[in-house]
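Here's the structure we're looking at; comments come further down.
Chain A is the first sequence line, chain B the second, and so forth, proteins listed ahead of strands; every chain is numbered from 1. Worth saying up front: this structure is predicted, and the values here are computed from it rather than measured.
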2 protein chains.
Amino acid sequence: MEYTVQGLGQLAGISARTLRYYDEIGILKPARMNSSGYRIYGQKEVDRLQQILFYRELGMSLDNIKEIITSPSFDEVEALREHQVKLLAKKEQLEQLISNVDKTIAHKEGRINMSDKEKFAGFKQKLIDDNEKKYGKEIREKYGDDWVNKSNEQVKNMTQDQYDGVTRLANEVNETLKAAMETGDPAGEVAQKAADLHRKWLCFYWDTYSKEAHAGLAQMYVDDPRFTAYYDKEQPGTAEFLRDAILIYTGMKE
Amino acid sequence: MEYTVQGLGQLAGISARTLRYYDEIGILKPARMNSSGYRIYGQKEVDRLQQILFYRELGMSLDNIKEIITSPSFDEVEALREHQVKLLAKKEQLEQLISNVDKTIAHKEGRINMSDKEKFAGFKQKLIDDNEKKYGKEIREKYGDDWVNKSNEQVKNMTQDQYDGVTRLANEVNETLKAAMETGDPAGEVAQKAADLHRKWLCFYWDTYSKEAHAGLAQMYVDDPRFTAYYDKEQPGTAEFLRDAILIYTGMKE
DNA sequence: ATAAACCCTTACGTTGCGTGAATGTCAAAG
DNA sequence: CTTTGACATTCACGCAACGTAAGGGTTTAT
């Protein structure tokens with residue numbers, strides 16, 4: 001039995017366009033062309049198309065399908081397994097998304113209490129942080145590898161009390177820093193107080209404190225636009241001021 | 001604080017290209033352009049971008065995000081809920097795929113027994129058939145709605161013995177039909193034997209038999225290219241021959 | 001003979017950018 | 001003062017798997 005594009009299309013439940021596309025990418029070529037250039041398919045092509053559609057239903061890419069059905073030596077089961085791994089990964093990712101959407105809806109509806117709300121703020125921050133990984137990587141290579149990762153871990157394992165503590169401390173740092181900015185003197189008492197609070201705050205995230213690392217971080221606040229943006233949000237120059245205060249505090253500058 | 005494309009890109013962990021694209025599709029326009037045509041973003045744009053990236057992390061399309069954040073009257077929670085419905089649908093679909101791939105691997109590895117193996121053939125056929133829903137719909141509307149579904153159901157509930165019986169019967173039909181084709185006479189004894197076997201075979205699927213329905217089905221074998229392809233696979237004209245034999249058998253034609 | 005129903009190729013649209021190419025601008029360094 | 005390098009800009013193609021015309025030949029039936 002011989003078929004033209006539409007005939008085979010109806011037979012298989014696909015469009016004529018699809019068959020032409022399959023011809024174009026070389027996954028299913030017609031048996032021959034007639035005198036007017038019509039594509040003519042025979043029984044062999046029907047069978048091959050069946051195979052293609054079968055794998056397509058499993059969500060495989062045409063490229064993959066092509067490999068499987070063109071080379072008989074191709075390890076089909078292995079290909080299926082690889083495909084399955086991909087599907088499973090996709091599924092996990094999807095579940096993560098769904099969970100996040102859930103949380104967001106709950107948050108928007110105000111169905112959650114304050115402490116959860118605060119954690120949600122952290123969750124949101126984490127989403128944004130994830131986004132910055134690429135850029136952050138450079139910084140980490142420059143200033144020491146794993147402090148960001150470590151702090152993520154630590155945040156996750158924090159108790160509610162600890163979380164509240166670190167949040168309050170962060171606010172104190174910001175307020176003191178604001179007041180210090182008004183004095184204009186990074187060596188002054190208020191600025192040094194801010195630097196000290198900043199050290200305390202930092203110790204929530206770092207298990208070992210060193211003056212060098214503290215100073216390095218301060219420098220990063222100026223070099224890394226993300227941090228600069230954070231500190232300069234209310235008052236430009238704040239990041240630089242904080243760096244100077246910390247450099248003096250750590251004795252790296254007088 | 002003001003940013004250029006790269007500045008804001010680093011801040012947010014995205015590329016400059018992405019920002020230009022966002023400008024192009026109107027989801028995030030720069031605050032202004034400087035004298036050389038550079039895009040300049042301000043604090044407001046930074047905040048808006050944060051929002052965009054937040055929803056993007058939830059797997060939303062940029063079009064959707066645009067709707068949410070541009071019109072303040074837009075029902076955000078409702079949009080999130082709709083989005084979640086989509087995600088859940090995707091997840092179910094994915095799970096179906098994974099299950100099917102599972103089955104296929106098991107089959108290819110020969111890890112399953114014979115009776116399951118035969119059911120796999122049905123499963124495979126069903127996957128292919130699912131594809132033909134649109135086309136099949138017309139046919140079902142024309143020739144009676146639910147016999148396809150019904151037969152699917154019946155196959156599922158068949159015992160192994162019944163399954164063997166119907167398979168053997170189908171073979172008999174085919175062989176007798178082949179022999180009848182050689183006589184060339186649809187009114188002849190062999191052809192009428194084939195028609196009778198076909199009726200018996202049919203009764204495995206239909207709970208009530210009628211000559212009219214039988215004749216109608218025979219006509220469908222000619223009208224529906226999928227069935228025509230099946231019967232004409234070995235010998236063109238077989239579907240038509242079978243129809244004639246059945247029409248005579250049922251007395252609709254002499 | 002003409003209309004209906006096929007067939008063909010070419011090519012743009014879909015989503016969210018990555019990745020050039022060709023060109024303009026602006027700072028610091030020679 | 002000019003060169004260099006790091007920015008910026010606007011096209012425009014590419015990715016997957018087709019859908020959807022546009023524009024034009026072929027076959028078939030009336």
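- Proximity note for R56(A) (side chain, C-beta onward) versus dT9(D), dT27(D), dC18(D): the nearest is dC18(D).
- Between Y3(B) atom OH and dC7(D) atom P there is a gap of 17 Å when expressed in whole angstrom units.
- For dA16(D), neither phosphate oxygen OP1 nor OP2 lies less than 4.0 angstrom from any side-chain nitrogen or oxygen of S61(A).
- Side chain R17(A) to base dT20(D): a donor-acceptor pair is found below 3.5 Å.
- dT19(C) atom P lies 16 Å from atom OH of Y21(B), rounded to whole Å.
- Side-chain contact between L49(B) and I14(B) is present, with heavy atoms from C-beta onward closer than 4.5 Å.
- If you measure from atom CG of D23(B) to atom P of dG16(C), you get 16 Å, rounded to the nearest angstrom.
- Considering only side-chain atoms of L62(B), the nucleotide from dG16(C), dC6(C), dC18(D) that sits closest is dG16(C).
- Distance, E57(A) CD to dA17(D) P: 14 Å, rounded to whole Å.
- The side chain of Q6(A) sits closest to dC6(C) out of dC8(C), dC6(C), dC26(C).
- In the model, D102(A) has a side-chain atom that pairs as donor or acceptor with a side-chain atom of Q84(B) under 3.5 Å.
- Of the side-chain N and O atoms in S36(B), none sit less than 4.0 angstrom from OP1 or OP2 of dG24(C).
- The Y38(B) side chain lies nearest to dG24(C) when the options are dT19(C), dG24(C), dT26(D).
- Side-chain to base pairing of R20(B) with dT10(D): no donor and acceptor N or O lie closer than 3.5 Å to each other.
- When rounded to the nearest whole Å, the span between CG of L19(B) and P of dG18(C) equals 10 Å.
- The distance from atom CD of E45(B) to atom CG of L8(B), rounded to the nearest 0.5 Å, is 8.5 Å.
- For T18(A), a side-chain nitrogen or oxygen approaches OP1 or OP2 of dG19(D) to under 4.0 Å.
- In this model, the phosphate group of dC17(C) is not approached by any side-chain N or O of S15(B) to a distance below 4.0 Å at OP1 or OP2.
- One atom, OH of Y22(B), and another, P of dT15(C), lie 14 Å apart when rounded to the nearest Å.
- Taking a cutoff of 4.0 Å between a charged side-chain nitrogen and a carboxylate oxygen, R32(B) and E2(B) qualify as a salt bridge.
- Of the candidate nucleotides dC7(C), dG16(C), dT9(C), dT9(C) has the atom lying nearest to any side-chain atom of R39(A).
- We find that CD of E24(A) is positioned 14 Å from P of dC12(C), with the value rounded to whole Å.
- If you find the closest nucleotide of DNA chain D to M60(A) and to G37(B), the one lying nearer the 5' end belongs to G37(B).
- Rounded to an integer number of Å, the gap from I27(A) CD1 to dC18(D) C1' is 13 Å.
- Here I25(B) lies out of heavy-atom contact (under 4.0 Å) with every strand.
- For K90(B) and E95(B), the salt-bridge test fails: no basic side-chain N is under 4.0 Å from an acidic carboxylate O.
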